[in-house]
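Only one structure is covered here, and it is reproduced in the block below.
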Amino acid sequence: MANDASTVFDVVILGGGSGGYAAALRASQLGLDVALIEKDKVGGTCLHNGCIPTKALLHAGEIADQARESAQFGINATFEGVDIAGVHKYKDGVISGLYKGLQGLIALRKITYVAGAGRLTSPTTVEVNGERYEGRHIILATGSVPKSLPGLEIDGDRVITSDHALVLDRIPKSAVVLGGGVIGVEFASAWKSFGVDVTIVEALPHLVPVEDENSSKLLERAFRKRGIKFELGSRFSGVEYTQDGIRVSLENGKQVEAELLLVAVGRGPVSQGLGYEEAGVAMDRGYILVDEYMQTSVPTISAVGDLVPTLQLAHVGFAEGILVAERLAGLRPVPIDYDGVPRVTYCHPEVASVGITEEKAKELYGADKVVTLKYNLGGNGKSKILKTQGEIKLVQVRDGAVVGVHMVGDRMGEQVGEAQLIYNWEALPSEVAQLVHAHPTQNEALGEAHLALAGKPLHAHD
Amino acid sequence: MANDASTVFDVVILGGGSGGYAAALRASQLGLDVALIEKDKVGGTCLHNGCIPTKALLHAGEIADQARESAQFGINATFEGVDIAGVHKYKDGVISGLYKGLQGLIALRKITYVAGAGRLTSPTTVEVNGERYEGRHIILATGSVPKSLPGLEIDGDRVITSDHALVLDRIPKSAVVLGGGVIGVEFASAWKSFGVDVTIVEALPHLVPVEDENSSKLLERAFRKRGIKFELGSRFSGVEYTQDGIRVSLENGKQVEAELLLVAVGRGPVSQGLGYEEAGVAMDRGYILVDEYMQTSVPTISAVGDLVPTLQLAHVGFAEGILVAERLAGLRPVPIDYDGVPRVTYCHPEVASVGITEEKAKELYGADKVVTLKYNLGGNGKSKILKTQGEIKLVQVRDGAVVGVHMVGDRMGEQVGEAQLIYNWEALPSEVAQLVHAHPTQNEALGEAHLALAGKPLHAHD
Amino acid sequence: APEPVAAPQPTGGKALAKPPVRKLAKDMGIDLAEVAATGPGGSVTREDLHAFAAARTEQAAPAAAE
Ligand SMILES: Cc1cc2nc3c(=O)[nH]c(=O)nc-3n(C[C@H](O)[C@H](O)[C@H](O)COP(=O)(O)OP(=O)(O)OC[C@H]3O[C@@H](n4cnc5c(N)ncnc54)[C@H](O)[C@@H]3O)c2cc1C
Ligand SMILES: Cc1cc2nc3c(=O)[nH]c(=O)nc-3n(C[C@H](O)[C@H](O)[C@H](O)COP(=O)(O)OP(=O)(O)OC[C@H]3O[C@@H](n4cnc5c(N)ncnc54)[C@H](O)[C@@H]3O)c2cc1C
């Protein structure tokens, strides 16, 4: 039987990843008494095994590519190879700096940090290491872990997930990446920059299949140019070990051999055996169901982050955590418009979007009500200077607001902030077009696209 | 006596730089009959001797720096030097691609392009090569050229301007840059990346002196770290030739020797001997005076771009050119809010701003009504990944809109688009803060700054 | 003095306001068309929205008390 911690907290948060710690920080800021329970490291997947380490690998890859291509810019430099230990040192340095910062923030705010694995034992209590933490409210934020396919066993050596890939102590000669979603294409991109021979296998007809089809096609073209191979619309049927690697078989009969297989077929919620069902929390295939204020079927319990069936993104976790904290503190937060959440895939070239795809816009508004415009980065000075190619595609409701911004090109992920304001504030093309953008930036391309959509193209054909 | 060209144009535009060609494109788009007169190359300073070539040099410099620093990212590469011929080839390739594109746009629209030097011969005529071009309206867009100081002679060899610096066929060992404004610091930055020993001399107390003082200080700190020397608050008193270079003397008695002197003390309007005064156009120190619709004192004559005393920026030229074209076509364009024009200095690190400085805000609203906030990029994951440092400073009218955004850091120039919407649309910090930005981007730092200013810092101290 | 100019007019029958104000109206559940505009060029300001919301709750309060 567990001991009772003396106090009753305003909020007990289970899981200290993006969703959990954002909720803790915001709740404590609003004067609530918070307990934050984390079994591993605060910062969770994003900081330790997700967003941050992958972007460090991708940036190391960018440095490698630029060294290789330096002669094109008049710079004499010789690329000699990737020092994988050095890459990890760099990556770990980034993580540990941010980790220290985050620990500092938690320490400064009045948050009771509890190290240990917790289990929900009632609608208002969590048990950790034989200690019971009671809260007027509980927030579940236990996140997600990599999934696999039925019969596909992860051995952590030749058949691995992103968790293993991030600490791999060698550069494989070749790799098969199973899954052409965000995580799959990011690893494919970083590895290719490191000199790996990469083949992506994707069951759906496109890479990054949730993006607007135009973005997928542009990414495919760019990857093809980079020599990243892919098998689209191809379902995995099995994997065998070979002498020194693996052989992946596809349902269409093709086989691909490589040194290793990265399984990037998605992530599933961490919700089993944690007492959620017993407390009466309604779930669907392991995901916790919530209303638009992140409240579960049990009024004292909320859930946020990858545990709930919304977009699996760190900043969605932040937003959901903040929203719950504000609701519990008695503020009246506005529900999240998930279409208005910016999405970035940090491969080379980057893919970024906010709002809805052309396809979805046509479903929602009718095909005749949807206007689209593509602006090619070939007309954008800064993109030419960077030697990157791509497009910005805008989706507009005829005579109305811009409802989708879809971008492909190196560094275009950084344009998603302006796009986010345009979408969420329901700006008209003419309102953006009126503001002439800074020359020569990539940002200017967003301005040009809106000039063109407003019927007054500047550096573009009519 | 000049021959008459048979037609009377709706608009005759003198000068095919940013201001002139933007006016031509927009006017022709609106159905006006346009003649565009250019004595050199369409695209003007910006495309051929300004924005584009400087940014190509700066990017080549970035490639050089990254090759030098590659080990920090775990990449083995050896920097061997700058191949200046290769740099020019790259730079010229970028220019010629954009030049071709621009020529194509001009050709496609119904614009009569006239090659030759023009002279205003009446409020409605321009003479070129003995031919007279008559227009119901004239737009003057003859731009600007580098200035020097009294007694400081440009020899094009050891004492040069940006025009010469852009085609310099060698990497000098050392250079003095006279002027710490945008053009001066950009050359200083690119040259330092190329290995030049650089000293900037600036008469005012700060580099980029029109920026918010915080940005100047951050740039100075970064330049100091990079080993770029500067003498601030130091007035130039003279230059002598030495055995193989120059020696610059300052009024404070100091002397600096170097291989060459780049004079970057500003640009002056091209308005002498072109018939402007004779036609009765009111001028001030060579600049043409205009109202907020860019109309001069002569009703049939407008002027745009560097020729008028507004911000000397290419996109200001675009905006002014478009504005005149729309006015002449009978639309009712909105005057430009020059504070709302984004400014970017593309040195390493970049400096970017939109809106007004803290100092100006205090003048306008009273010191007690002005709130500021600084967000350090040290808390921003993507900036850490890029190993760049800097800050975002926001200036707000208490309980009101954000009236200034000032940023320093590599690539931060690309954030100016979102900042531009925030300023021009008079957004409140809370309205930006509500939209959680994409993780992990540099753009996120802008979101964090607004979260903090709205009283709900996430990855920042209270 | 400059001639008064029309601010860019949103088409599609939308009432006039700067984009963030339109978003605020949406978050507050207010139809911009119902709000009396006092801003430049006949645009709805934030203050107009708050005044409208205050009037609305005042109207609603006695009803709720019944
Ligand atoms: C390779 C990869 C790259 C990614 N890149 C990006 C990106 O670039 N941008 C982006 O927005 N998102 C990215 N993501 C997604 C992002 O990491 C997640 O959306 C985010 O981490 C979800 O946050 P969370 O708080 O829901 O869960 P998590 O971050 O998974 O945190 C859950 C936490 O709960 C703890 N926990 C679990 N069970 C218990 C228990 N019983 N007791 C105590 N503690 C427990 C865990 O230890 C963990 O710290 C990436 C993910 C991966 C895997
Ligand atoms: C080194 C440098 C870097 C810069 N970087 C940037 C930057 O990054 N971003 C930015 O926004 N701005 C930048 N600028 C400023 C930008 O280049 C100018 O603001 C812009 O070019 C002004 O456009 P304009 O049309 O007024 O004049 P110009 O571009 O100078 O064009 C004037 C044109 O008129 C022609 N002309 C002149 N007299 C006659 C005549 N009598 N008959 C026919 N034709 C004539 C000229 O040949 C020229 O083509 C930079 C400038 C320099 C010098």
Side-chain angles (χ1 to χ4, degrees), chain A residues 22 25-26 29 51-52 55-56 59-60 63-64 66-67 70-83 86-87 89-90 94 97-98 101 108 314-315 318-319 342 344 379 381 384-385 413-414 416-418 420-421 424 434-443 446 456 458 461-462, chain B residues 22 25-26 29 51-52 55-56 59-60 63-64 66-67 70-83 86-87 89-90 94 97-98 101 108 314-315 318-319 334 342 344 379 381 384-385 413-414 416-418 420-421 424 435-443 446 456 458 461-462:
Chain A
L25 290 172
R26 184 71 181 126
Q29 200 175 60
C51 327
I52 297 297
K55 270 80 246 178
H59 186 60
I63 301 280
Q66 292 194 338
S70 54
Q72 292 180 26
F73 301 91
I75 302 303
N76 292 333
T78 309
F79 171 73
E80 284 136 11
V82 179
D83 162 23
V87 170
K89 200 177 146 213
Y90 153 62
V94 172
L98 292 168
L108 268 177
H315 47 289
F318 298 153
V344 181
K384 270 199 137 65
I385 286 168
E414 294 294 346
V416 85
E418 181 175 359
Q420 185 175 10
L421 298 194
N424 285 282
Q434 197 195 322
L435 303 170
V436 175
H437 285 52
H439 183 77
T441 56
Q442 286 191 292
N443 179 245
L446 207 50
K456 41 190 278 190
L458 180 58
H461 301 297
D462 285 286
Chain B
L25 290 172
R26 184 72 180 124
Q29 199 174 59
C51 326
I52 296 296
K55 272 78 245 178
H59 187 59
I63 300 280
Q66 292 194 338
S70 56
Q72 291 180 28
F73 301 91
I75 302 304
N76 292 333
T78 308
F79 170 73
E80 285 137 8
V82 177
D83 162 22
V87 170
K89 199 177 147 211
Y90 153 61
V94 172
L98 292 168
L108 267 177
H315 47 290
F318 298 153
V334 180
V344 181
K384 269 196 138 64
I385 286 169
E414 294 294 345
V416 86
E418 182 175 359
Q420 185 175 11
L421 300 194
N424 285 283
L435 303 171
V436 176
H437 285 51
H439 183 77
T441 56
Q442 287 189 292
N443 179 247
L446 206 51
K456 42 190 279 189
L458 180 58
H461 301 298
D462 286 286

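Quick note on labels: first sequence line is chain A, next is B, and so on, each numbered from 1.
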Most contacts with chain B, counted as non-hydrogen pairs under 4.5 angstrom, among A:Gly413, A:Gly86, A:Gly81, A:Gly97: A:Gly81
Minimum-distance pair of heavy atoms, taken over all atoms of A:Val416 and B:Ala438: CG1-CB, 3.9 Å
Contact summary for B:Ala60 and A:Phe73, nearest pair of heavy atoms: CB-O, 3.6 Å
Between the side chain of [X] and the main-chain N/O of [Y], is any donor-acceptor distance below 3.5 Å?
{"X": "B:Gln420", "Y": "A:Val436", "answer": "yes"}
{"X": "B:Glu414", "Y": "A:Gln442", "answer": "yes"}
{"X": "A:His315", "Y": "B:His439", "answer": "yes"}

B:Ser70 side, atom OG; B:Phe79 side, atom CZ - distance, nearest 0.5 Å: 11.0 Å
Rounded distance (nearest 0.5 Å) linking atom NE2 of B:His59 with atom CD1 of A:Ile385: 8.5 Å
Among [options], who wins on heavy-atom pairs under 4.5 Å with chain A?
{"options": "B:Gln29, B:Arg26, B:Gln66, B:Lys384", "result": "B:Gln29"}
{"options": "B:Glu418, B:Lys55, B:Gln72", "result": "B:Glu418"}
{"options": "B:Gly379, B:Ala56, B:Gly101", "result": "B:Ala56"}
{"options": "B:Cys51, B:Ala67, B:Ala314", "result": "B:Cys51"}
{"options": "B:Leu98, B:Val344, B:Thr78, B:Val87", "result": "B:Thr78"}
{"options": "B:Ile52, B:Leu446, B:Leu25", "result": "B:Ile52"}

Is [X] in contact with chain A via its backbone, its side chain, both, or neither, using a 4.5 Å heavy-atom distance?
{"X": "B:Ala64", "result": "both"}
{"X": "B:Val94", "result": "both"}
{"X": "B:Leu108", "result": "side chain"}

Non-hydrogen side-chain atoms of A:Val82 and B:Ile75 separated by less than 4.5 Å: yes
Per-residue contact mode, A:Lys89 against chain B (heavy atom under 4.5 angstrom): neither
